[in-house]
Peer 1: 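Mind looking over this structure? Questions follow.
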Amino acid sequence: MEERYVPGPVEKKWQEIWRAKDAFKVTEDAARPKYYLLEMFPYPSGRIHMGHVRNYSIGDVVGRFKRMRGYNVLHPMGWDAFGMPAENAAIERQIHPAIWTHDNIANMRTQLKRMGFCYDWDREVATCTPEYYRWEQQIFLKMLEKGLAYKKRSSVNWCPSCETVLANEQVEDGCCWRCHSEVEPKELEQWFFRITAYAQELLDDTFKMGGWPEPVLIMQRNWIGRSVGCEIDFQIEGSEKKIRVFTTRQDTLFGATFMSLAPEHPLAQELATPDRAEAVAEFIARIRREDKIHRTSDSQEKEGIFTGSYCLNPVTGRRMPIMLANFVVTDYGTGAVMAVPTHDQRDFDFARKYDLPMVVVITPPGSTLDPATMKAAYTEPGILVNSGEFSGLPNEEAKERIADWLEQKGLGERKVNFRLRDWGVSRQRYWGTPIPVIYCEKCGMVPVPEKDLPVVLPRDVAFRAGGDNPLAACHSFTDTVCPVCGAPARRETDTFDTFVESSWYFLRYASPHCDKGPFDQDAVNYWLPVDQYIGGVEHAVMHLLYARFYTKVLRDLGLVRIDEPFKNLLTQGMVCMESYKCPEHGWLYPEEVMDGICRKCGQKVVIGRKEKMSKSKKNVVDPDVLIERYGADTARLFCLFAAPPEKDLEWSERGVDGASRFLARVWRLVFENLDLLKKANADQNAVAARDLRRATHQTIKKVTEDIENRFQFNTAIAAIMELVNAISALGDKEACALALAEALEVVIRLLAPFVPHIAEELWEALGHEDGVEASGWPAWDKAMLAVEEVLLVVQVNGKVRGKVTVATDAPDDAVRAAALADPNVARFIEGKTVKKVVIVPKRLVNVVVG
RNA sequence: GCGAGAGUGGCGGAAUUGGCAGACGCACUGGACUUAGGAUCCAGCGGGCAACCGUAGGGGUUCGACUCCCCUCUCUCGCACCA
């Protein structure tokens, strides 16, 4: 084994030892500081991909590092096991989703174990098991009781291909986030979670979450979208009815010259005068049909129709034509907008198109505006004009004054609106958590009593392509009795959005086998919050917002004591790779391309930009192949070294070779010097030994700080490589064998979190019995860092002209004299006056001459 | 359109507080060893003969700028008629 580094047997050996020792099993221990480390759990698609390898390698460094530093580290793994692909597999391949899922889990578990990650596998959780989802059902019942879960009929995002509802967060460019079919509107009775009740707190807390990346917090804030303004009533002419609008620009009220309603507004049809009724009905029908897909695309032309009716501006008395407009959305604010074309670009475009009146009510300071010549709405701050008693006020001040005035007169009131909508959680799918309610003809909707949980997903259902939810056709499931009156009743057949499972799994890991509730209080109180969460930035809004919401709900239910689930968040970048496309053969695997030419037809291939690995573009690397060829340690090292964690990682076969070569080099370095190391007892060459020891301790410091403070694994590894280079470069190794032994042991210990298998093997080869992890994290000796002399850069007018070595504690005068005495420096200052000499201690001297 | 981030050798990336730009690795070049090399070792490696010039481009602050400020360009991501 010694001659050559062969990773396979080494890795197998240590994985077996870890398994036999239960090396990563943890329990609560009040005596030690706890550290809860979590990586986002995978969907069991069948095979792990490079994104997983990267995500979990990053996590594993942190986990092993913290363990070596003495923390009690909870590092669990599990499966986000409900979801569509399982059901599709059932339809396409006649495999039951449960079997498909469990097979995939078994396969992926083996793959993860082959990577040597330090998980406590005893805590493994799969969300598709009744042991897991029964508690999800229980939490739901509590939410229902509190009014945090409710049912309402609403227009939902319907994916015709997946035949299910999508949350707003799951619609991308008007298309399904999974299958990319165009999403359609559909009216359905749906379950919702009242996340809006927590909008303010979810927003406020983003300002306290210092351990999260700012871009993620900003995305969440934008998604929550708080805006402050007023609701104002507009009297409809010739009617008792009023139209209520929401505006953030009440300062422009005097400039409101028409009204825009969403086509779905309840009064839309009613307001149409008889002569226009038909045209209005047609317009409403047409816009409704288009709905979200087209209406929200940026190219969409503003379009509207006059209803024939008018309302009155409450402050000016002006008759305002009431229009229906395609750009007004129904589910934000009141679905009605007061239009101020001079100070809102949408209203401006609309008014120009339909020749509607414009009045300027805000002017730029020291200037005027003319509606006839304006090219665009003026939306900057300015001074109010044509605004009665408010004319002359700066508009920000006018916002407050007009709001006060409206409230006094009873014409309107201040109002805060959020862009965030309630979370639609109903899915018309089989492979998900059944929603535990029952419908009775007499009693209506009845929650399943807690004692009857779990509502188990039935096994025997029929899957067919294009069919409805198979659950709905499964009578053994749907047919039940009412828990209240005992009459025949029907079960809810909707299941939960899979994001519900991932909204609380991090709590379940604290006590994964707890059968008294979703989790054991003491365990949760000990482990939570998660100290470090690691995952892809694609979850910046959906999962991370839902999990925050759930935590707050559970807190208010008295089940947890924390306000926020994840103290620190690291969002790692994608793994990407070039893609190749042949004009004739489409996407090609890299091996099908030679020198930019398609091997099949000899045509030139188009080399795609580096993008996320995907099967469809054939730019994928199978982790199994990587492990087989190079070993898990090399795979880990490559992922950690090639880029900092939050950046995209570009796949490079050469880079993997480099990582592999480095490990082989360390291996050789240890075995070549084994005899020397074992008998080392004194250093003859004090200077060389001292230099090596300094480098060793500097490296410990650098690597520790890079991991602990910055998560900069790439530079930490680079520092270890430098130390290895320094060791290799040693002339007479025998003359400083003690220092060499120290340096090599440090290299191995510093490498342990990154490449644990080879580190253990080398540590053992050096004669240690307890394992490298048990040796703890090395500490650096401050005294070893001290230097007697420093090399100073000497600049003349900011340009490097020389270098001088001075004593570390040399006074400024001596430094200055030494700098000026340098022959090359002297040449550049000859014949000039030295105006100033800037001395930066231990770094440089800058001589300013004129 | 709005919001955020980024732009450094042939490539991935360093430069932590404004202080030697290019650490570390890859690729490449030359050499050694060798039956052989996709192994290993040694040397070189931003541009330029040089003075010098170089961190997307232009200005500024400073003794000194990849780093701070202003403008412009390009790219990536998020939101996208939210009134």
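Note that the coordinates shown come from a computational prediction; the quantities given were computed from them, not determined experimentally.
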Peer 1: Taking atom P in both B:G57 and B:C66, what distance in whole Å separates the two?
Peer 2: 12 Å
Peer 1: When the P atoms of B:U55 and B:G9 are considered, how many whole Å apart are they?
Peer 2: 9 Å
Peer 1: Determine, step by step, whether A:W223 and A:L420 satisfy the side-chain contact (heavy atoms from CB on, under 4.5 Å) criterion, reporting the C-alpha distance in whole Å, the side-chain angles of both residues, the deciding distance to 0.1 Å, and the verdict.
Peer 2: CA-CA 6 Å; A:W223 192 263; A:L420 182 70; 3.7 Å; yes
Peer 1: For B:A23 and A:N714 - does any side-chain N or O of the residue sit under 4.0 Å from the phosphate oxygens OP1/OP2?
Peer 2: no
Peer 1: Are A:E413 and A:R244 within salt-bridge range, i.e. N to O under 4.0 Å?
Peer 2: yes
Peer 1: Does A:D344 reach a base, just sugar-phosphate, or nothing at all? Heavy atoms under 4.0 Å.
Peer 2: nothing
Peer 1: Rounding to the closest angstrom, what is the interatomic distance between B:C41 and B:A51 at atom P?
Peer 2: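 Going atom to atom, P in each nucleotide, I get 35 Å.
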Peer 1: With heavy atoms under 4.0 Å as the rule, sort A:R419 into base, sugar-phosphate or nothing.
Peer 2: base
Peer 1: Could you give the distance separating B:A4 and B:A50 at their P atoms, to the nearest angstrom?
Peer 2: 46 Å
Peer 1: Could you state the CZ-P distance from A:F638 to B:G25, rounded to the nearest angstrom?
Peer 2: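 Distance, rounded to whole Å: 15 Å.
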Peer 1: Can you identify which nucleotide, out of B:A4, B:A80, B:A83, has its nearest atom closest to the A:I218 side chain?
Peer 2: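 The answer is B:A4, which lies nearest to the side chain.
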Peer 1: Is it true that the NZ or CZ of A:R636 lies under 6.0 Å from the centre of A:F713's six-membered ring and within 45 degrees of the ring axis?
Peer 2: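 The answer is no, since A:R636 fails at least one limit relative to A:F713.
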Peer 1: For A:E301, is there an ion pair with A:K353 - N to carboxylate O distance below 4.0 angstrom?
Peer 2: yes
Peer 1: One thing to verify: whether A:D344 and A:R249 come together as a salt bridge, which I'm taking to mean a side-chain N less than 4.0 angstrom from a carboxylate O.
Peer 2: no
Peer 1: Which of these nucleotides, B:G13, B:C24, B:C63, is closest to any side-chain atom of A:N725?
Peer 2: B:C24
Peer 1: If we take the C1' atom in both B:A6 and B:G13, what is their distance in whole Å?
Peer 2: 14 Å
Peer 1: Mind checking the P distance from B:C53 to B:G3? Whole angstroms is fine.
Peer 2: 38 Å
Peer 1: Is the distance from OP1 or OP2 of B:A27 to the nearest side-chain N or O of A:R661 less than 4.0 Å?
Peer 2: yes
Peer 1: Using the C1' atom as the reference point in each nucleotide, state the distance between B:G78 and B:A15 in Å, no decimals.
Peer 2: 30 Å
Peer 1: Ring centroid separation for A:F327 and A:F350, is it under 6.0 angstrom?
Peer 2: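 Yes; A:F350 has its ring centre under 6.0 Å from that of A:F327.
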Peer 1: Can you identify which nucleotide, out of B:A83, B:A23, B:A80, has its nearest atom closest to the A:Y332 side chain?
Peer 2: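 Closest of the options to the side chain of A:Y332: B:A83.
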Peer 1: Once rounded to the nearest 0.5 Å, what's the spacing between atom CD of A:E380 and atom CG of A:N395?
Peer 2: 10.0 Å
Peer 1: Is the A:W667 ring parallel, tilted or perpendicular to the A:F671 ring (thresholds 30°, 60°)?
Peer 2: tilted
Peer 1: Using purine N1 to pyrimidine N3 plus N6-O4 or O6-N4 for Watson-Crick, or N1-O2 and O6-N3 for G-U wobble, both under 3.5 Å, which nucleotide pairs with B:U74?
Peer 2: B:A6
Peer 1: Considering Watson-Crick and G-U wobble pairs with both distances under 3.5 Å, what does B:G46 pair with?
Peer 2: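 Across any shown strand, B:G46 pairs with B:C53.
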Peer 1: Between B:C24, B:G19, B:G13, which one does the side chain of A:V840 approach most closely?
Peer 2: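 Output: B:G19.
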Peer 1: Does A:K835 get its side chain close enough to the base of B:C63, under 3.5 Å, for a donor-acceptor pair?
Peer 2: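 Such a pair does not exist between side chain and base.
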Peer 1: What nucleotide, of B:G78, B:A15, B:G19, holds the atom closest to the side chain of A:M219?
Peer 2: B:G78
Peer 1: Distance check needed: B:U40 P versus A:F662 CZ, whole Å only.
Peer 2: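 So the two atoms are 14 Å apart, to the nearest Å.
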Peer 1: Counting Watson-Crick and G-U wobble pairs only, both distances under 3.5 Å, name the nucleotide matched with B:C24, or none.
Peer 2: B:G12
Peer 1: With respect to the phosphate group of B:A83, does any side-chain polar atom (N or O) of A:S227 fall under 4.0 Å of OP1 or OP2?
Peer 2: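 True: A:S227 side-chain N/O within range (under 4.0 Å) of B:A83 OP1/OP2.
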Peer 1: So what's B:C66 paired with, Watson-Crick or G-U wobble, going by both distances under 3.5 Å?
Peer 2: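 Base-paired to nothing in any strand shown.
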Peer 1: Would you say B:C41 has OP1 or OP2 under 4.0 Å from some side-chain N or O of A:R668?
Peer 2: yes
Peer 1: Paired with B:U61 by Watson-Crick or G-U wobble geometry, both distances under 3.5 Å: which nucleotide is it?
Peer 2: none
Peer 1: If the cut-off is 4.0 Å, is A:N846 near the phosphate of B:G19, judged by side-chain N/O to OP1 or OP2?
Peer 2: no
Peer 1: Quick one: on RNA chain B, does A:F828 or A:M338 contact a more 5' nucleotide (nearest heavy atom)?
Peer 2: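 Result: A:F828.
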Peer 1: Would you indicate which nucleotide in B:C24, B:C81, B:C20 comes nearest to any side-chain atom of A:V793?
Peer 2: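 In terms of side-chain proximity for A:V793, the closest of B:C24, B:C81, B:C20 is B:C20.
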Peer 1: Using heavy atoms to find the nearest nucleotide of RNA chain B for A:V537 and A:S728 separately, return the residue whose nucleotide is more 5′.
Peer 2: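 Closest to the 5' end, via its nearest nucleotide, is A:S728.
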Peer 1: What do you reckon, is CZ of A:R414 surrounded by more than 12 foreign heavy atoms closer than 6.0 Å?
Peer 2: yes
Peer 1: Considering every strand and a 4.0 Å limit on heavy-atom distances, what is the contact class for A:D347: base, sugar-phosphate, or nothing?
Peer 2: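 The answer is nothing, as A:D347 stays clear of every strand by at least 4.0 Å.
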Peer 1: B:G54 and B:U8: how far apart are their C1' atoms, nearest whole angstrom?
Peer 2: 10 Å
Peer 1: Using a cut-off of strictly less than 4.0 Å, decide whether A:K799 has a side-chain nitrogen or oxygen near OP1 or OP2 of B:A21.
Peer 2: no
Peer 1: Hey, does A:N709 reach any base, or is it just sugar-phosphate, or nothing, if we go heavy atoms under 4.0 Å?
Peer 2: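 No contact.
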Peer 1: May I ask you to say what A:Q795 touches in the nucleic acid, namely base, sugar-phosphate or nothing, with a heavy-atom cut-off under 4.0 Å?
Peer 2: base
Peer 1: Would you mind telling me which of B:C24, B:G19, B:G12 lies closest to the side-chain atoms of A:E650?
Peer 2: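 Closest of the options to the side chain of A:E650: B:G12.
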Peer 1: Considering Watson-Crick and G-U wobble pairs with both distances under 3.5 Å, what does B:G18 pair with?
Peer 2: none
Peer 1: If you look at every strand shown and take non-hydrogen atoms under 4.0 Å, does A:L844 touch a base, only sugar-phosphate, or nothing?
Peer 2: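 Base contact - A:L844 has a heavy atom under 4.0 Å of at least one base atom.
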Peer 1: Applying a 4.0 Å non-hydrogen cut-off, can you work out what A:V848 is touching in the nucleic acid: base, sugar-phosphate, or nothing?
Peer 2: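 Result for A:V848 = sugar-phosphate.
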Peer 1: Taking atom types as they are modelled, would you say the side chain of A:K702 forms a donor-acceptor pair with the base of B:U16 within the 3.5 Å cutoff?
Peer 2: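 Per atom types, the contact qualifies.
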Peer 1: Categorize A:R665 for me: base, sugar-phosphate, or nothing, with a 4.0 angstrom heavy-atom threshold over every strand shown.
Peer 2: sugar-phosphate
Peer 1: How would you label the contact of A:T247 with the nucleic acid (heavy atoms, under 4.0 Å): base, sugar-phosphate, or nothing?
Peer 2: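 Sugar-phosphate only.
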Peer 1: At 4.0 Å (heavy atoms only), tell me whether A:R801 reaches a base, stays on the sugar-phosphate, or touches nothing.
Peer 2: sugar-phosphate
Peer 1: Between B:A23, B:C81, B:G12, which one does the side chain of A:E722 approach most closely?
Peer 2: B:A23
